[in-house]
Visitor: 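For reference, the structure I am asking about is given below.
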Amino acid sequence: MYTQGLDQKDAESPVDGEQLLARFQARIDAEEKIEPKDWMPAAYRTTLIRQISQHAHSEIVGMLPEGNWITRAPTLLRKAILIAKVQDEGGHGAYLYSAAETLGVDRAELIDQLLSGAAKYSSIFNYPTPTWADVGAIGWLVDGAAIMNQIPLCRCSYGPYSRAMVRICREESFHQRQGYEIMLRLAEGTAEQRQMAQDALNRWWWPAIMMFGPSDTDSKHSAQSMRWKIKRFSNDALRQKFVDFTVPQARFLGLSIPDPVLRWDDCEQRHVFGAVDWSEFNEVLKGNGPCNADRMAERRRAHADGEWVREAAVAYAAKQRDRAAARAA
Amino acid sequence: MSEKRDWPLFEVFIRARGGLDHKHAGSLHAADAAMAIEHARDVYTRREEGVSIWVVRSADIVASDPAEADALFEPARDKIYRHPTFYNIPAAVKTL
């Protein structure tokens, strides 16, 4: 119902184009949802394909840092929880690829873009997970930041993306809570366990802050995305909200946030925090983070190793079809 | 669309509980219908969201054209006499 029979006739003549564009913007302004077969400007389509597929790639690559701990989770329950969480991330990738495909792009093309390095995924997944506390910190901070970004996307103007996000947000809440609970257990533990939790917070805090993307003044796609209601809040506004929510949670754990500048400002009713090191962010995006090469190698290996399975499934389906046809004849 | 590196696309419909209709949940790729059911179980019902799944090849769905929506649905708009509230019945008349 989604991807089939899409005719992508974007603006045939300039006059028609202008009228269509005005009507399209009026629908957006009236909070109507845009559906796959509706007319949309080519740039709206391109922006969404880029954003949704990057989001999907992030979910898929995001399975790796946590997957690293499945065999070493400290208890059977923690292992079952972690498997469920990683499976959810795979599911989120699947919802999002489907949403992107409604815009007329093939899944195989999107996967190619990830594996060739042409497409980006969230910078956060290029950091390592050396201890069990990292699994806690990822759930608490990384999923926490993701939720902050994703809740407004539930109201995104593009119907299939918004519906996928509703489903994802419903499931992410468990991810964040299980992560915080891991941190809580460690914070209540021995001095060594508390130190492990603090180390993880020290390593994940700034990368989590960077997840909201460049500062508003440097964000090149923001203004148009806001007009199209793909985006509802600016990067800096969401970042501020994340800091305001998270600081008291860290205090409850008895952990300290690695930012000497951080303080509550009573006049502005918000936390003031230190400057983000954007050179680190840009380096990680360029492929020079601690784990970029590992993550890509792992994805490429998994895809190549699965090739024979994909082929065998198609051959089996064809054989079943032929047999059914022979029986019917 | 390039021929055809992806498995065929299926639409997934899920009945949340006995007594309710199947409702569109999303789509997925599978080599055949049996695999589509298995994948739908994993992708769309990890938290007991359903008691029954339908899958159908997306290519087999025929949909109305959004550009024709006005022509298709407008004729129903002025037929308010199809609704019970159109009729004024004196309050004294009960159980009607």
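Sequence lines set the chain letters: A, B, ... in the order given, protein chains first and strands last, and positions in each chain run from 1. Worth knowing before you read on, the calculation uses all heavy atoms, side chains too, and leaves out hydrogens, waters and symmetry mates. For clarity, every value in this text was computed on a predicted model and none was experimentally measured.
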Visitor: For R310(A), is it the side chain, the backbone, both, or neither that has a heavy atom closer than 4.5 Å to a heavy atom of chain B?
Guide: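 When you check distances to chain B, atoms from both the backbone and side chain of R310(A) fall under 4.5 Å.
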Visitor: Could you report the tightest heavy-atom contact between R167(A) and A25(B), atom names first, then the distance?
Guide: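 What the structure gives for the nearest pair is NH2-O, 3.0 Å.
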Visitor: Quick one: which of Q320(A), E171(A), R321(A) has the most heavy-atom pairs under 4.5 Å with chain B, could you say?
Guide: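 Among the listed options, the one with the most contacts to chain B is E171(A).
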Visitor: Considering non-hydrogen atoms only, spot the tightest contact between P66(B) and D38(A) and give its length.
Guide: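 Looks like CB-OD1, 3.4 Å.
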Visitor: Identify which part of Y316(A) has an atom lying under 4.5 Å from any heavy atom of chain B, answering side chain, backbone, both or neither.
Guide: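 It is the side chain, since no backbone atom gets that close.
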Visitor: Please check if the side chain of R107(A) supplies one atom and the backbone of H29(B) the other of a donor-acceptor pair under 3.5 Å.
Guide: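 No.
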Visitor: Starting from the C-alpha separation in whole Å, work towards a yes-or-no answer on side chain to side chain contact (heavy atoms under 4.5 Å, CB included) for D88(A) and R46(B).
Guide: CA-CA 8 Å; D88(A) 273 357; R46(B) 289 193 301 280; 2.7 Å; yes
Visitor: One pair to check against side chain to side chain contact (heavy atoms under 4.5 Å, CB included): R5(B) and D112(A). What are the steps and the verdict?
Guide: CA-CA 11 Å; R5(B) 294 163 58 214; D112(A) 285 349; 2.9 Å; yes
Visitor: Check each atom of A30(B) against the heavy atoms of chain A and say whether the ones under 4.5 Å are side chain, backbone, both or neither.
Guide: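 No part of it gets close to chain A.
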Visitor: Tell me, side chain or backbone of A313(A) under 4.5 Å from chain B's heavy atoms, or both, or neither?
Guide: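 When you check distances to chain B, atoms from both the backbone and side chain of A313(A) fall under 4.5 Å.
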Visitor: Give a yes or no answer on whether the side chain of Y95(A) reaches the backbone of S27(B) with a donor-acceptor pair at less than 3.5 Å.
Guide: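 Not at all, since once roles are kept as given, no pair shorter than 3.5 Å links the two residues.
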Visitor: Can a donor-acceptor pair be found, under 3.5 Å and without considering hydrogens, that links the side chain of D6(B) to the backbone of A108(A)?
Guide: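 Yes, the answer is positive, given that a donor and an acceptor are paired below the 3.5 Å cut-off.
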Visitor: How far does OG of S64(B) sit from NZ of K37(A), to the nearest 0.5 angstrom?
Guide: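 Going from OG on S64(B) over to NZ on K37(A), the span is 7.0 Å.
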